[in-house]
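All heavy atoms count here, side chains included; hydrogens, waters and symmetry mates do not. All values derive from a computational prediction rather than experimental measurement. First the proteins, then the strands, lettered A, B, ... as listed; each starts at 1.
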Amino acid sequence: MTPADLSAVIRASVAAAVDAGDLLGEAPTEVVVERPKNPEHGDYSTNVALRLAKPAGKPAREVAEAIAARLRTADGIAKVDVAGPGFLNITLAADALGALAVSVVAARDDYGVGTVLAGQNLNLEFVSANPTGPVHIGAVRWAAVGDALARILQAAGAQVTREYYFNDAGSQIERFARTLREVANGRPVPEDGYAGAYIDEIAHAVVAANPDVLSLPEDEQTEVFRRDGVDRMFAEIKESLAGFGVHFDVYFNERDLHANHKLDAAIKRLRDQGNIYEDDGAIWLRTTRYGDDRDRVLVRSNGEWTYFAADCAYYLDKRDRGFDRVVIMLGADHHGYINRLRAMATSFGDDPDQTLEILIGQLVSLVRDGEPLRMSKRAGTVIVLADLVDAIGADAARYALVRYSSDQSIDIDLDAWARQTNDNPVYYVQYAHARTRNVARNAESFGIGLDDFHPELLDNAADAALLTALGEFPRVVAAAAELRAPHRLAHYLENLAGVYHRWYDTDECRVTPRGDDPVTDGNRARAWLNEATSVVLANGLRLLGVSAPERM
RNA sequence: GCGCCCGUAGCUCAACGGAUAGAGCACUUGACUACGGAUCAAGAGGUUGCAGGUUCGAGUCCUGCCGGGCGCACCA
């Protein structure tokens, strides 16, 4: 019996109590079943009676008793206690609980896949680092979190497009191009230019591919360095992301917005909505009408588009491509954009609560030798994605970035990460998976296959703890998706790994017999439970983009 | 000044408004004739920054303070 099954059974008991006149009000459409922290509180518990007490006009414990009386007669339920202010603590019959292992193994890769977000077509934009340098550490957080979130949203039933916005049209790109040109000509990096070893590499690569470039007039040189340099920079960015296991469905070029006159079209749309005005020779969007603290310029008095104008056109383009929800992941230094972007969506006639979602991740800072590391793109002192992967591996880096709430700013201690010791919880979880595989290999050598299954033999407290933990997985995935919180999944996996390790160390729960003992049905039942655990750990790690090793 | 995020064990962090606030690391003490110990068991560690409020119930929601981080352009 899964928690969802149990929830349905409880709903039926509540409905029966209502029909019998024991309760006033209506039966709730949803009954939350949770896994109690304290094992004395049964396999599962629910607070449904506490929630019904007020509409029923009765003390919660009385409501709980009315529900419990009916629940006790249901199939698969061994014990129901009313506890505390009115919790229902439920213990399942061993066979009903144990049957979960079969459902997990049968569902295999699909265990945890659900439908809470079914029908939603989401565009998830993340990273979007400018192609003027390698992916720096701030964007790395979103690479890990964004990719994991995309996987989780898909598991929850949403249709997800991963998108990278490629700012290839701004003045930063011009500075990048001029820097390459100056360096290639053997001159110093301009005052407002970029520094770093990668600049020399790219400048030389552009010259090697375009041998005549340095004999062209300066402005034509700049054009070559802009076009070819950005291409090479972007190829490098894609390569480092691929090394991190992150791939995008769409790389969207800002230049295409300009080339296809999308900005003009967006302004026309906004003007039709009556939200545009001119002042001081500039064209403004009246975002203050929709909650921004000041209006925003779209076209400067010198005739140039602002970055915000491109944002408007880009948003409109996403909506026109059919996405009903536009999700953008930004760093904390961009939180001031939320109001103007929401106001922009409203200006188009959208309800930003429905169509636009901006996720803010607090900043990542680096620490070395106990001292914060100051980074400057100018000075070329940057830690980039590829460095991180080289130092500690993609699995550890991804896991370490994804296990913290995005609301939490994090310090990354490079020394600790480089040490690669087991104080990084990723090893704890991965080892649990490797252990399930090892146990499975041992079982095979004993001729214990996944055939004969006697769920009622999973009668140890450690069996029940492991089964209820496995049962929780689909709800954790759904919650992580709805709350946009992949770290919840990481913490769940750490907890599951701990429950599994304890189960493994329980003498009564062995999969293979000790010494010369014969293989029993109990051993065979535990082989199923071991396999189910293996499935959940693998599925969970996969959703985080972390590998689930067969051996370590 | 205004806005967003944070403040929980020595450290790093969890906790759909639920029960005695939990993990890991570090520390102390145990378990290797082992399902590979990257593990497990036990111990110790807390006035959830402060003060009010809301309710059956608050780390969580509301108000006000205190402290830290990050933002407040016709820059991108």
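Ion pairing between Arg514(A) and Asp507(A) holds under the 4.0 Å rule for side-chain N and carboxylate O. One finds a salt bridge joining Lys79(A) and Asp81(A) here, because a Lys/Arg side-chain nitrogen approaches an Asp/Glu carboxylate oxygen to under 4.0 Å. No salt bridge links Asp168(A) with Arg226(A); every basic N to acidic carboxylate O contact stays at or beyond 4.0 Å.
Distances from the side chain of Arg435(A) to the nucleotides A73(B), A41(B), G37(B) place G37(B) closest. With U39(B), C70(B), C13(B) as the choices, the nucleotide that has an atom nearest any side-chain atom of Asp505(A) turns out to be U39(B). Among C6(B), G71(B), G37(B), the nucleotide with an atom closest to any side-chain atom of Tyr431(A) is G37(B).
Distance check on atom P: G30(B) versus G17(B) gives 44 Å, rounded to whole Å. Taking atom C1' on both C72(B) and A15(B), the two are 33 Å apart, rounded to the nearest angstrom. Taking atom C1' in both U28(B) and C66(B), the straight-line distance is 37 Å, to the nearest Å. Comparing the C1' positions of A38(B) and G46(B) gives an interatomic distance of 30 Å, to the nearest angstrom. Distance check on atom P: G45(B) versus G69(B) gives 33 Å, rounded to whole Å. For the C1' atom pair drawn from G18(B) and G57(B), the interatomic distance equals 7 Å after rounding to whole Å. Taking atom C1' in both G53(B) and G10(B), the straight-line distance is 34 Å, to the nearest Å. For the C1' atoms, the distance from G7(B) to C50(B) is 12 Å, rounded to whole Å.
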Check your understanding: Should Phe252(A) and Tyr164(A) be marked as a ring pair (Phe, Tyr, Trp, His ring centres under 6.0 Å) after you check the CA-CA gap, both sets of side-chain angles, and the distance that decides it?
Key -> CA-CA 6 Å; Phe252(A) 192 97; Tyr164(A) 187 123; over 10 Å; no
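Side-chain N/O atoms of Gln362(A) include none lying less than 4.0 angstrom from OP1 or OP2 on C4(B). The side chain of Arg294(A) places an N or O atom within less than 4.0 Å of a non-bridging phosphate oxygen (OP1 or OP2) of C74(B). Neither OP1 nor OP2 of C74(B) sits under 4.0 Å from any side-chain N or O of Arg296(A).
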List the atom pairs, donor and acceptor, that lie under 3.5 Å between side-chain atoms in residues 37-44 of chain A and the rest of the protein, sequence neighbours left out.
{"from": "Asn38(A)", "atom 1": "OD1", "to": "Glu40(A)", "atom 2": "N", "distance (Å)": "2.9"}
{"from": "Asp43(A)", "atom 1": "OD2", "to": "Leu92(A)", "atom 2": "N", "distance (Å)": "2.8"}

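Counted by atom type alone, Glu494(A) and Tyr399(A) present one or more donor-acceptor pairs between their side chains at under 3.5 Å. Side chain to side chain, Arg289(A) and Asn275(A) meet the donor-acceptor criterion of an N or O pair below 3.5 Å. One side chain, Ser547(A) or Asp395(A), offers a donor N or O that lies under 3.5 Å from an acceptor on the other.
Mapped onto RNA chain B by nearest heavy atom, Gly498(A) and Arg175(A) fall at different nucleotides, with Gly498(A) at the one closer to the 5' end. Of the two residues near RNA chain B, Ser409(A) and Gly336(A), the one whose nearest nucleotide lies more 5' is Ser409(A).
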When you compare the protein's N or O atoms with those of nucleotides 15-22 of chain B, which come within less than 3.5 Å of each other, and at what distance?
{"from": "A15(B)", "atom 1": "OP1", "to": "His487(A)", "atom 2": "NE2", "distance (Å)": "3.1"}
{"from": "C16(B)", "atom 1": "OP1", "to": "Arg488(A)", "atom 2": "NH1", "distance (Å)": "3.0"}
{"from": "C16(B)", "atom 1": "OP1", "to": "Arg488(A)", "atom 2": "NH2", "distance (Å)": "2.3"}
{"from": "G18(B)", "atom 1": "N7", "to": "Asn47(A)", "atom 2": "ND2", "distance (Å)": "3.0"}
{"from": "A19(B)", "atom 1": "OP2", "to": "Lys37(A)", "atom 2": "NZ", "distance (Å)": "3.3"}
{"from": "A19(B)", "atom 1": "N6", "to": "Ser45(A)", "atom 2": "OG", "distance (Å)": "2.9"}
{"from": "A19(B)", "atom 1": "N6", "to": "Asn89(A)", "atom 2": "OD1", "distance (Å)": "2.9"}
{"from": "A19(B)", "atom 1": "N1", "to": "Asn89(A)", "atom 2": "OD1", "distance (Å)": "2.9"}
{"from": "A19(B)", "atom 1": "N1", "to": "Asn89(A)", "atom 2": "ND2", "distance (Å)": "3.2"}

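Among the protein residues, Tyr404(A) comes within range of the sugar-phosphate backbone only, with heavy atoms under 4.0 Å from sugar or phosphate atoms but none that close to a base. Heavy atoms of Asn339(A) sit nowhere under 4.0 angstrom from any nucleic acid atom. Base engagement by Arg510(A) is indicated by at least one non-hydrogen atom pair under 4.0 Å involving a base atom. Looking at heavy-atom distances under 4.0 Å, Ser301(A) makes contact with a base. Among the protein residues, Glu494(A) comes within range of no part of the nucleic acid, since none of its heavy atoms lies under 4.0 Å from any strand. Among the protein residues, Ala332(A) comes within range of the sugar-phosphate backbone only, with heavy atoms under 4.0 Å from sugar or phosphate atoms but none that close to a base.
Between Phe234(A) and Phe166(A), the two ring planes are parallel [angle under 30°; tilted spans 30° to 60°]. Relative orientation of the His501(A) and Tyr431(A) rings is parallel, given thresholds of 30° and 60° on the angle between their planes. Taking the six-membered ring where tryptophan is involved, the planes of Trp284(A) and Tyr277(A) are essentially parallel, since the angle between them stays under 30° and well short of 60°.
Taking atom CG of Asp292(A) as the reference point, atom P of C2(B) lies 18 Å away to the nearest angstrom. In this entry the distance linking NZ of Lys58(A) with P of C56(B) reads 18 Å, nearest Å. One atom, CG of Leu363(A), and another, P of C4(B), lie 17 Å apart when rounded to the nearest Å. Note: OH (Tyr399(A)) to P (A38(B)) measures 19 Å, nearest angstrom. With rounding to whole Å, Arg514(A) atom CZ is found 10 Å from U33(B) atom C1'. Nucleotide A41(B) holds its P atom 13 Å from the CG atom of Asp507(A), rounded to whole Å. Atom pair Tyr427(A):OH and C25(B):P shows a separation of 14 Å (rounding to whole Å applied). Taking atom CD1 of Ile392(A) as the reference point, atom P of A38(B) lies 21 Å away to the nearest angstrom.
Stem list for RNA chain B (at least 3 consecutive Watson-Crick or G-U pairs, distances under 3.5 Å): B:1-7 with B:66-72, B:10-13 with B:22-25, B:27-31 with B:39-43, B:49-53 with B:61-65.
Screening Arg441(A), Arg526(A), Arg524(A), Arg437(A) for a salt bridge (Lys or Arg N to Asp or Glu O under 4.0 Å) involving Glu531(A) leaves a single residue, Arg437(A).
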